Amino acid sequence: MNLDQGFLGSIYKLLYPLEWLMTQVMVFFQKFFVMLGMQDGSGFAWVLSIVFLTITVRVIILPFFVKQMASMGRMQAIQPQLKKIQNKYKGKNDPASREAMSREMQKLYKDNNANPMGSCVPGLIQGPVFMALFYILTAISRIADGSRDALGGFTQTVAQHIMDTELFGTKISHNFTNATGSGKIVIGLFVAYMCITMFLSQYYSLRRNMPKESFGTSQYNTQRMMAFIFPVMYIFSGIAFPFAVLIYWATNNTWTLIQMIFQIENFPTPGSAAYETKRNRDRHREEKRRERLGLPTVEEEELQKVKEAQEKLKKNGGSQRYQPSRKKKK
């Protein structure tokens, strides 16, 4: 597969600094694992270098992912209010009404520090990273046979070494179409795993981190559709990718799923199922803490506050205000 020609070739030329850097990082990790005692001849160090390159990228973009989740949470929390604004101007297509609707929506975004485009930033960052990784992994075969010049840390010798690397008896330079026997099964399982983890990440966020009031809204329906459509699309593209790309993708999706579960369960959107679970969990922990320290329970403390308020009310003569009675006429 030659990606140096046409429109894509122009894009990959722009990504050359990133491609060069990624080859150097992979070579560094491979040498590091060999230094730790892994046999250089096995080539498995190259598999780990792909895994750790993925982890390195995810650690770098972690702050952007946290912002993405926070932005998505704020957008999900204001969906009922957005729906009210949209219903308010439903069927009104005149310029004045559309301008008023846009103004109210912008004010809602500003008041809640929400940005409709905030969830796109990690994708914009990961996009070039994935493209660069896809390029260098597909260019390995051409570097190995000498039809392409060396790229960064990928010399012809290094490229040939990577070409010979196997995982579960399957060369990581193969894809589903040119793999044979058990290789097709292994790659097929990786494609399935990639799609399943992608679906679980989207569906988990949809069901656990979206307020109940947002169910049935346009955003909910769009995300639900994406949760089913995207994994199916990646079945067809996944079988064309080199096994090395699937290793990257499986690692990346696993990281995303674990990170999303952690963030949703610990920093959920108010009104969501995860929010209710966290509130009950926090209450249970507080009860255990009070029991351990011999303190009153939360219910006892609340009851005591009510009693104190009532006692204070009695001391002040009660809260009932009496109107002065008029004298009866004789």
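Worth saying up front: this structure is predicted, and the values here are computed from it rather than measured. For the single chain, residues carry numbers from 1 onward in sequence order.
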For residues [X] and [Y], determine if any side-chain heavy atom of one lies less than 4.5 Å from a side-chain heavy atom of the other.
X	Y	answer
Trp249	Asn253	yes
Phe154	Ile162	yes
Glu299	Glu287	yes
Met22	Leu133	yes
Gln81	Ile85	no
Asp111	Lys107	yes
Tyr109	Gln106	yes
Met26	Gln30	no

Minimum heavy-atom separation for [X] and [Y], please, with both atom names.
X	Y	value
Ile239	Asn175	O-CB, 3.8 Å
Ile136	Ile140	O-CG1, 3.1 Å
Ala144	Ala159	N-CB, 3.7 Å
Phe190	Leu167	CZ-CD2, 4.2 Å
Ile143	Gln156	O-CG, 3.3 Å
Thr197	Met194	OG1-O, 3.0 Å

Please check if [X] and [Y] belong to a single hydrophobic cluster, counting links between Ile, Leu, Val, Met, Phe, Trp and Tyr side chain heavy atoms closer than 4.5 Å.
X	Y	answer
Leu206	Ile196	yes
Leu14	Tyr16	no
Ile187	Met233	yes
Leu36	Val51	yes
Leu189	Leu257	no

So with a 6.0 Å cut-off around [atom1] of [X], is the heavy-atom count from everything else above 12?
X	atom1	value
Tyr204	OH	yes
Arg98	CZ	no
Asp149	CG	no
Trp255	CH2	yes

Atom pair [atom1]/[atom2] of [X] and [Y] - distance to nearest 0.5 Å:
X	Y	atom1	atom2	value
Ile55	Leu62	CD1	CG	12.5 Å
Leu246	Asn252	CG	CG	12.5 Å
Thr251	Leu48	OG1	CG	9.5 Å
Phe241	Ile247	CZ	CD1	14.0 Å
Asn266	Ile261	CG	CD1	11.5 Å
Ile185	Thr170	CD1	OG1	9.0 Å

Side chain [X], main chain [Y], donor-acceptor under 3.5 Å:
X	Y	result
Arg290	Pro296	yes
Thr165	His161	yes
Ser49	Trp46	yes
Thr138	Tyr135	yes
Lys171	Glu166	no
Asn178	His174	no

- Query: Where do Thr254 and Tyr193 land on the side chain to side chain contact (heavy atoms under 4.5 Å, CB included) test, with the steps shown first?
  - Reply: CA-CA 9 Å; Thr254 302; Tyr193 178 80; 2.5 Å; yes
- Item | Sequence neighbours excluded - salt bridge (charged side-chain N to carboxylate O under 4.0 Å, His left out) pairs with any residue from residues 188-209 | Arg208-Glu265
- Message: Quick one about Arg58 and Thr256 (side-chain donor to acceptor, distance below 3.5 Å, no hydrogens or angles considered), yes or no?
- Response: yes
Would you call [X] and [Y] a salt bridge, using N to O less than 4.0 angstrom?
X	Y	answer
Lys307	Glu302	no
Arg289	Glu286	yes
Arg279	Glu276	yes

- Query: Who passes ring-ring contact (aromatic ring centres under 6.0 Å, His included) against Phe33, sequence neighbours left out?
  - Reply: Phe52
- Item | Test side chain to side chain contact (heavy atoms under 4.5 Å, CB included) applied to Thr23 and Glu19, step by step | CA-CA 6 Å; Thr23 62; Glu19 295 159 4; 5.6 Å; no
- Audit row: Met101, Glu104, side chain to side chain contact (heavy atoms under 4.5 Å, CB included) steps and yes/no: CA-CA 5 Å; Met101 182 177 72; Glu104 289 187 31; 5.9 Å; no
